[in-house]
Amino acid sequence: MKKLKNIEDKIIPIVFFATLILIWEMVSRIEIVPTYILPAPTTIIKTLITTMPKLMEHAYITAMEAVVGFIISIIFAMIIAISMDSIPVVRKAIYPLIITSQTIPIITIAPLFAIWFGFGYLPKIVIVVLVCFFPITLSLLEGLSSVETELLNLIKSMGASKIELYKIVKIPAALPSFFSGLKISATYSIMGATIGEWVGGKNGLGVYMMRVKQSFATDKVFAVIIVITLLSVMILKLISFIEKKSMPWIYGNKK
Amino acid sequence: MNKIEISNVTKKFGSLHTLDNVCIDLEQNQFVTILGPSGSGKSTLFNIIAGLLKPDEGRVLIEGEDYTSKTGRVSYMHQKDLLLPWKNILENVCVPLVLKGSSKVEAEKKALEYFKLFGLAGFEKSYPNQLSGGMRQRAALLRTYLFSNDIMLLDEPFGGLDAMTKQKMQQWVLEVFKNLKSSILFITHDIDEAIFLSDKIYVFSERPASVKAEFEVNIPRPRDNDTLTSTQFNEMKKKILKLF
């Protein structure tokens with residue numbers, strides 16, 4: 001019975017999704033909506049295949065910017081979160097600043113970065129860092145401070161130093177929360193890089209997207225959207241994989 | 001010389017007067033229990049003995065040396081097992097040894113000698129969440145033992161277990177410590193448990209906690225289920241109940 005229900009759980013969303021695509025295909029084929037506004041899914045797939053080499057070139061640049069920015073954010077987040085957690089004065093000083101900085105819509109300051117850092121990779125990476133840094137820092141901070149006082153006291157009573165306390169207790173305890181922050185930021189990283197590229201540059205999916213948009217090649221715009229989505233999913237899957245490997249006590253111990 | 005000597009310890013948290021002039025002695029190989037109502041500051045006393053809190057007045061002597069607000073000499077076991085979920089049982093019980101500077105290999109070798117005695121054999125590589133409550137407490141007890149095998153502070157270690165498991169664990173503790181030669185300071189609010197396990201009982205008053213009465217428990221060892229219904233046991237229990 002249970003197995004049957006599992007199959008049902010999988011089939012229902014697939015059928016629903018396929019129906020939506022089918023309706024879209026029909027709407028486009030009988031030109032209820034003109035094809036230059038809404039190209040048919042089959043056309044999009046065809047375009048995706050024919051423009052694949054070009055898309056790959058741009059995707060590589062965007063992915064590179066996103067990954068570099070993402071890694072820099074992780075390093076920053078670790079330094080800031082650990083110092084905020086261990087030194088109360090730092091926490092009090094920085095916390096409001098971090099929160100406030102996040103209320104600024106990133107797209108509004110992207111042009112500013114183009115002025116400051118030019119049209120190369122740097123402004124894109126800066127934007128990725130800005131969007132990714134916040135969720136990673138906050139989730140890590142939350143994880144670090146989630147440890148029970150009693151547990152900390154116990155390990156302290158065994159003579160653990162502050163560094164040992166982080167190594168043995170705080171950092172492993174923060175991992176689940178840290179990874180949920182990473183997963184949120186992972187999708188932001190590709191988005192951040194793309195927004196950075198919209199403002200200007202030579203390469204990247206965002207640049208390419210602007211170019212094909214100007215020539216009303218809607219099918220190509222859709223193809224870019226698919227590639228961006230796939231990139232995000234890939235990064236997300238990679239992080240889930242690392243998450244499972246690094247927390248065997250939660251996901252079963254296959255060593 | 002006493003293993004632990006607590007003299008005139010007083011502690012206030014702001015306006016909250018928690019401990020008032022507490023004096024307690026723990027002799028070699030003794031099992032001493034502090035019996036008192038919940039929230040009477042028993043755990044605060046343990047934090048002071050472990051060196052995590054500084055008393056406002058008074059001193060903590062361990063084997064004649066002043067250990068007031070110094071950590072690293074004695075550790076305690078809590079009502080919650082407080083095992084690290086991300087370490088397997090073997091790694092968990094090795095934590096105190098590694099903190100003291102042993103290599104991982106040395107620590108594991110030493111710890112493994114006790115797995116059978118503590119009823120944990122075969123579960124070395126299991127994570128805490130794969131074990132029953134009773135087993136987790138035994139692992140926590142082994143960790144405490146490996147940290148300071150001569151003196152152990154046990155803070156309501158069986159408080160979170162169901163009555164039947166608790167009874168079994170008490171029997172087991174008596175059995176194990178007959179062989180291990182540790183001096184034990186034990187906290188509980190369970191009168192039966194106190195009488196069953198101890199050589200000496202200190203009864204604490206409500207907050208601010210001070211020693212209200214002191215009893216020597218002269219029930220012969222080994223003790224078993226029959227002890228719980230013996231005349232001596234009941235007389236002792238009557239005497240203690242009069243205080244509340």
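Chain identifiers are assigned alphabetically (A, B, ...) following the order of the sequence lines, protein sequences preceding nucleic acid strands; residue numbering begins at 1 within each chain.
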*Asks:* Ser161(A), Ala173(A), Ala160(A): which one forms the most heavy-atom pairs within less than 4.5 Å of chain B?
*Replies:* Ala173(A)
*Asks:* Please indicate whether Glu206(B) has more than 12 foreign heavy atoms, meaning atoms of other residues, nucleotides or ligands, lying under 6.0 Å from its CD.
*Replies:* no
*Asks:* Hey, which of Leu99(B), Leu84(B), Leu83(B) has the most heavy atom pairs under 4.5 Å with chain A?
*Replies:* Leu99(B)
*Asks:* Check each atom of Val74(B) against the heavy atoms of chain A and say whether the ones under 4.5 Å are side chain, backbone, both or neither.
*Replies:* backbone
*Asks:* Would you say the side-chain atoms of Asp56(B) pair up with the backbone N or O of Lys12(B), donor to acceptor, closer than 3.5 Å?
*Replies:* yes
*Asks:* Assess whether a salt bridge exists between Lys80(B) and Glu148(A), defined as any Lys/Arg side-chain N lying under 4.0 Å from an Asp/Glu carboxylate O.
*Replies:* yes
*Asks:* Answer with side chain, backbone, both or neither: which region of Tyr76(B) has an atom nearer than 4.5 Å to a non-hydrogen atom of chain A?
*Replies:* both
*Asks:* Can you tell which part of Lys100(B) gets under 4.5 Å to a heavy atom of chain A, answering side chain, backbone, both or neither?
*Replies:* neither
*Asks:* For atom CZ of Phe13(B), decide whether the heavy atoms of other residues, nucleotides or ligands shown that lie under 6.0 angstrom number more than 12.
*Replies:* yes
*Asks:* Counting heavy-atom pairs closer than 4.5 Å to chain A, which one of His78(B), Met77(B), Lys70(B) comes out on top?
*Replies:* His78(B)
*Asks:* Between Tyr251(A) and Lys244(A), is there a cation-pi geometry (under 6.0 Å to ring centre, at most 45° from the normal)?
*Replies:* yes
*Asks:* Would the number of heavy atoms belonging to other residues, nucleotides or ligands and lying under 6.0 Å from CZ of Phe31(B) be above 12?
*Replies:* yes
*Asks:* Below 4.5 Å from any heavy atom of chain B, which atoms of Glu150(A) appear? Answer side chain, backbone, both or neither.
*Replies:* both
*Asks:* Identify which part of Ile250(A) has an atom lying under 4.5 Å from any heavy atom of chain B, answering side chain, backbone, both or neither.
*Replies:* neither
